[in-house]
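Quick notes on the structure that follows.
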Amino acid sequence: MHRTELKAVFGLAEKAASVWGETGMPRDPLREWQERYSCGGTRLGFKPEGDAPFSSSVRLICDSPGVVRTTLSPGLVFRDRSMVRDGNDNRSLVVSLVRDLKFWHRDREVALGLNEATILQNDEPGKAGARRQFAFYEISVPQHEWTLRSSGSAGAPMKAINRHSESLKLLLGYIGVLAKTGLPAGRETRDAVSRHLIDLTVLAATEPSIGESRVGCVVAARRAAVLEHVASRFQDPGLTGASLAQLLGISQRYLQRLLQETGKSFTEHLHELRLNRAFARLTAPNSNQRVSDIAFEVGFSDLAHFHRLFRARFGDTPNGVRGSMRTPETHQT
């Protein structure tokens, strides 16, 4: 068969695969979204806006509590009276990830801006949506967990939570770290993450005075925010403990205290990230990048200092490591 004909055949096959599922039945993108979303979030329906084509994405960040991020084409997500009979009485904190997202629940309407939140009761009908593509987080907490942690202040459904709320910012920072790094493998650590998420969610919804039982989750979230900033900015040669503390609005001493329990100082975290990235660059297949260029690219401004730290960490020079990982060749410095 001619190459052009083959290309046409494969093109038709790919198009068919996008329309028909593995079972041979036509795909239903809306149903697929509902099934994927309900694995971690609340069972929902969706009504498109006019004739707009349906598109969606779902990301499960944590399964206990359920933390789901979804993006949807223009329209309305809803939970109707038939759906609320599924026995789900969780309370959900929903965070808008767009500038204009409207909610209708308990005969009330709330319009949320970017990084603002409200509370929904899952055993009661409600809906939310926008006339253009929108996205949100849902953090779904079992009712008994919410009651246990709320100290009598349950947080009223449809209460609008401002994006300047410190508790909400800490919660979003913590979720951001989990979205980037994934959940830890150890069960004890995963249980701790679950507790912190629930505590921060309830705290953001109720905003009581922080008692001793909640200090730990706030500290953990602040520490996670520090580590996330270091991980995302370590290649900046101007990043220092002082500049990061100023950026986060905390003192440098407090930043040091936050990192103390990790067993590493700010500088040790910074060097570890830079050296690991340099190692990956040096040992990448067919990498001929100069060692000096790699050192500067990962954030070092002093080449001699980079060589000393690299050898102390990996037991060899950068060129030695590169040479040991592949066929010897001429290296540049």
**OP:** Check whether any side-chain heavy atom of Asp80 lies under 4.5 Å from a side-chain heavy atom of Pro125, and answer yes or no.
**Re:** no
**OP:** Indicate whether the side chain of Thr71 and that of Arg69 have a donor and an acceptor atom separated by less than 3.5 Å.
**Re:** yes
**OP:** Please work out whether the ring planes of Phe279 and Phe310 are parallel, tilted or perpendicular, with thresholds of 30° and 60°.
**Re:** parallel
Original post:
Excluding sequence neighbours, so at least two apart, what forms salt bridge (charged side-chain N to carboxylate O under 4.0 Å, His left out) with Asp86?
Top reply: Arg79
Subject >> Residues which pass salt bridge (charged side-chain N to carboxylate O under 4.0 Å, His left out) with Arg253, listed by chain and number, not counting sequence neighbours >> reply: none
Original post:
Between the side chains of Gln252 and Gln246, is a donor N or O closer than 3.5 angstrom to an acceptor N or O?
Top reply: no
**OP:** State whether a side-chain donor-acceptor pair under 3.5 Å links Arg313 with Asn276.
**Re:** yes
Subject >> Qualifying side-chain hydrogen bond (donor to acceptor under 3.5 Å, both in side chains) pairs, either residue in residues 93-102, two or more places apart >> reply: Asp100-Arg132
**OP:** Determine the sole option in His105, Arg91, Arg106 for which the side chain to side chain donor-acceptor pair (under 3.5 Å) test with Gln121 is passed.
**Re:** Arg91
Original post:
If you look only at pairs with a residue in residues 225-269, which of them pass as a ring-ring contact (aromatic ring centres under 6.0 Å, His included), with sequence neighbours excluded?
Top reply: none
**OP:** Would you mind checking if Arg31 and Glu35 are paired as a salt bridge, meaning a charged N to carboxylate O distance below 4.0 Å?
**Re:** yes
**OP:** Taking the side chain as every heavy atom from C-beta outward, state whether Ile139 and Leu197 have any atom pair closer than 4.5 Å.
**Re:** no
Subject >> side-chain hydrogen bond (donor to acceptor under 3.5 Å, both in side chains) assessment of Gln133 paired with Ser73 >> reply: CA-CA 4 Å; Gln133 186 182 70; Ser73 49; over 6 Å; no
Original post:
Will you find, in the side chains of Thr317 and Asn319, an N or O donor that is under 3.5 Å from an N or O acceptor?
Top reply: no
Original post:
Given side chains that start at C-beta, do those of Leu259 and Ser265 come closer than 4.5 Å, heavy atoms only?
Top reply: no
Original post:
Who passes side-chain hydrogen bond (donor to acceptor under 3.5 Å, both in side chains) against Arg277, sequence neighbours left out?
Top reply: Gln235
Original post:
If you take all heavy atoms of Arg274 and Pro237, which pair is closest and at what distance?
Top reply: NH2-CA, 3.8 Å
Original post:
Given side chains that start at C-beta, do those of Asn90 and Thr42 come closer than 4.5 Å, heavy atoms only?
Top reply: no
Original post:
Is there a side-chain contact between Arg322 and Val291, using heavy atoms and a 4.5 Å cut-off?
Top reply: yes
Subject >> Hydrophobic cluster partners of Trp33 (side-chain heavy atoms under 4.5 Å) >> reply: Leu30, Tyr37, Leu44, Phe46, Phe54, Val58, Leu60, Val68, Leu72, Val77, Val94, Val98, Leu101, Phe103, Val110, Leu112, Leu120, Phe134, Phe136, Met158
Original post:
So, for Gly241 and Leu255, which heavy atoms are closest and what is the spacing to 0.1 Å?
Top reply: O-CD1, 4.0 Å
